[in-house]
There are 2 protein chains.
Amino acid sequence: MSCGSLTIGELARLTGTKVETVRYYERIRLLEAPMRTAGNYRAYAPEHLNRLSFIRRSRDLGFSLDQVRALLDLSDDRDRPCGAVDAIAREHLSEVDRKIGDLQALRRELSSMIDQCQCGTVADCRIIEALSP
Amino acid sequence: MSCGSLTIGELARLTGTKVETVRYYERIRLLEAPMRTAGNYRAYAPEHLNRLSFIRRSRDLGFSLDQVRALLDLSDDRDRPCGAVDAIAREHLSEVDRKIGDLQALRRELSSMIDQCQCGTVADCRIIEALSP
DNA sequence: ATGGACCCTGTAGCAACTACAGGGTCAAGG
DNA sequence: CCTTGACCCTGTAGTTGCTACAGGGTCCAT
């Protein structure tokens with residue numbers, strides 16, 4: 001596309017996003033709707049590339065779309081103190097910690113279940129037994 | 001409810017499930033549809049309680065509904081060798097291990113981001129910077 | 001002018017529930 | 001006997017974060 005603007009496919013490739021996902025982000029107003037060409041194609045400006053990169057990076061770090069929205073809003077207001085940003089990140093961190101803890105507990109249970117399996121018949125399978133009431 | 005049968009609410013309470021979830025399990029044919037009373041209420045037998053307890057316990061251990069379905073099928077066939085049960089459990093364990101690894105990597109990134117935050121203004125916030133392209 | 005790669009809208013699907021709306025049933029108390 | 005409130009019924013739509021069509025239009029090179 002001419003004049004430094006990008007098609008949706010180019011934007012998607014540059015950010016490692018699927019085209020449908022870009023349109024989805026527009027629909028839920030996470031990414032601003034771009035100008036259209038004469039043929040009704042979306043024409044993205046460099047700001048859109050920045051914005052979408054930010055979104056992808058946040059998503060890769062496991063922030064929810066609501067959290068990403070909040071981070072985007074905050075990042076636009078350059079003079080504001082960044083305590084709120086910190087709070088979102090810390091909240092997410094403790095969420096991740098909780099998930100890790102849950103999964104580790106689950107892992108212990110699962111693996112002790114598996115260790116007890118003698119691989120005989122289902123009738124005396126310790127795994128089935130462990131799952132039964 | 002009389003004669004040792006349970007209402008959906010009783011079954012739900014006994015298994016720590018929501019009533020809607022019990023109905024959902026019936027709709028997707030994970031839990032067999034029970035008899036009905038004269039007033040069209042579901043009347044669950046003790047087998048249903050066993051079955052649902054098994055489902056809940058499996059779900060709590062993070063098995064997917066498809067995996068639970070497979071485990072239930074296997075557990076019904078008492079004479080079959082239990083290798084298939086073991087395989088499902090091991091597959092799930094490695095999935096859990098992968099998730100733990102992913103979350104730990106993510107945790108490291110998040111927490112180093114947070115450590116760098118000086119809590120000044122958004123303009124020089126390291127978290128926003130780390131998320132920006 | 002025609003082929004193929006791309007783009008458009010709109011809708012439906014995934015997992016695994018959860019939350020109504022709008023009704024019917026049942027048991028206890030007055 | 002009647003009412004009240006707790007429970008039950010069906011059916012549908014919402015949640016999160018996409019993904020996958022269907023059925024069309026556009027653009028560019030050959």
Side-chain angles (χ1 to χ4, degrees), chain A residues 1-3 5-31 33-44 48 52 54-72 91-92 95-96 99 102 106, chain B residues 1-3 5-31 33-44 48 52 54-72 91-92 95-96 99 102 106:
Chain A
M1 205 169 251
S2 56
C3 301
S5 73
L6 300 163
T7 66
I8 195 169
E10 287 160 352
L11 183 68
R13 258 192 303 282
L14 287 170
T15 55
T17 315
K18 302 213 169 183
V19 167
E20 287 96 335
T21 305
V22 179
R23 285 197 282 249
Y24 169 70
Y25 287 162
E26 179 180 324
R27 205 163 61 246
I28 64 169
R29 298 165 179 283
L30 189 61
L31 189 63
M35 294 284 143
R36 296 295 180 112
T37 66
N40 201 31
Y41 282 20
R42 288 170 179 84
Y44 291 96
H48 287 105
L52 185 54
F54 186 103
I55 294 169
R56 290 309 305 179
R57 175 117 183 85
S58 304
R59 293 288 301 133
D60 285 348
L61 285 170
F63 287 98
S64 71
L65 291 182
D66 269 359
Q67 287 175 321
V68 175
R69 216 185 292 270
L71 288 171
L72 279 171
E91 189 200 333
H92 180 43
E95 178 79 352
V96 169
K99 276 188 197 157
D102 286 357
L106 197 148
Chain B
M1 205 170 255
S2 56
C3 301
S5 72
L6 300 162
T7 66
I8 195 168
E10 287 160 354
L11 183 69
R13 259 191 303 282
L14 287 170
T15 56
T17 315
K18 302 213 168 180
V19 167
E20 288 96 335
T21 305
V22 179
R23 286 198 281 250
Y24 169 69
Y25 287 163
E26 179 180 323
R27 205 162 64 246
I28 63 168
R29 299 166 179 284
L30 189 61
L31 189 62
M35 294 283 143
R36 296 294 180 113
T37 65
N40 201 30
Y41 282 21
R42 287 171 179 84
Y44 291 97
H48 287 105
L52 185 54
F54 186 104
I55 294 170
R56 289 312 303 180
R57 176 115 183 85
S58 304
R59 291 289 301 134
D60 285 348
L61 285 170
F63 288 98
S64 71
L65 290 183
D66 269 358
Q67 286 175 321
V68 175
R69 216 185 290 271
L71 289 171
L72 279 171
E91 188 200 336
H92 181 43
E95 179 80 352
V96 169
K99 276 187 198 159
D102 286 357
L106 197 148

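Computed from heavy atoms alone, side chains included, the values below leave out hydrogens, waters and symmetry copies. Throughout, a chain's letter reflects where its sequence line sits, starting with A, and its residues are numbered from 1.
- At whole-Å resolution of the value, CE in A:Met35 and P in C:dC8 are 15 Å apart.
- Looking at B:Gln67, its side chain does come within 3.5 Å of a backbone N or O of B:Ser64 through a donor-acceptor pair.
- Atom CG of B:Leu6 is separated from atom C1' of D:dC7 by 15 Å (rounded to the nearest Å).
- Nearest to the side-chain atoms of B:Ser64 among the listed nucleotides D:dC8, C:dA16, C:dA19 stands C:dA16.
- Contact check for A:Leu30 versus A:Arg69: side-chain heavy atoms found under the 4.5 Å cut-off.
- The distance from atom CG of A:Asp66 to atom C1' of D:dC18 is 15 Å, rounded to the nearest whole Å.
- Each of B:Tyr25 and A:Asn40 has a nearest nucleotide on DNA chain C; the 5'-most of these lies closest to A:Asn40.
- For A:Arg42, whose side chain is taken as the heavy atoms from C-beta onward, the closest listed nucleotide among C:dT9, D:dC18, D:dC7 is C:dT9.
- The side chain of B:Ile8 lies closest to D:dC8, out of C:dT18, D:dC8, D:dC18.
- More than 12 heavy atoms of other residues, nucleotides or ligands lie within 6.0 Å of CZ in A:Arg36, so this atom counts as buried by the packing criterion.
- The residue A:Arg59 sits close only to the backbone: its heavy atoms come under 4.0 Å of sugar-phosphate atoms, none of a base.
- With contacts defined as side-chain heavy-atom distances shorter than 4.5 Å, the pair B:Leu72/B:Val68 qualifies.
- Of the candidates D:dC18, C:dC17, D:dC9, the closest approach to any side-chain atom of A:Thr21 belongs to D:dC18.
- Counting only heavy atoms from C-beta on, B:Arg36 has its side chain closest to D:dC9 among C:dT9, C:dA19, D:dC9.
- Side-chain contact between B:Glu26 and B:Pro34 is present, with heavy atoms from C-beta onward closer than 4.5 Å.
- Side-chain N/O atoms of B:Lys18 include none lying less than 4.0 angstrom from OP1 or OP2 on C:dA16.
- For the pair B:Leu31 CG and C:dC17 C1', the computed distance is 15 Å after rounding to whole Å.
- Closest to the side chain of B:Tyr41, out of C:dT9, C:dC17, D:dC7, is D:dC7.
- Residues B:Arg13 and B:Glu26 each lie close to DNA chain D; by heavy-atom proximity, the contact nearer the 5' end of the strand is made by B:Arg13.
- Here D:dG17 presents its C1' atom at 13 Å from CG of A:Asp60, a figure rounded to the nearest Å.
- At least one donor-acceptor pair closer than 3.5 Å links the side chain of B:Thr15 to the backbone N or O of B:Leu11.
- Comparing A:Arg27 and B:Gly39 against DNA chain C, the residue whose closest nucleotide sits nearer the 5' end is A:Arg27.
- Set against C:dT18, D:dC9, D:dT19, the side chain of B:Glu20 has C:dT18 as its closest nucleotide.
- If you measure from atom OH of A:Tyr24 to atom C1' of D:dC21, you get 18 Å, rounded to the nearest angstrom.
- Put simply, CZ on A:Arg56 is 10 Å from C1' on D:dC18, counting in whole angstrom units.
- Atoms CD (A:Gln67) and C1' (D:dG17) sit 14 Å apart, rounded to a whole Å.
- Listed pair B:Arg23 / D:dT10 fails the phosphate criterion, with no side-chain N or O lying under 4.0 Å from OP1 or OP2.
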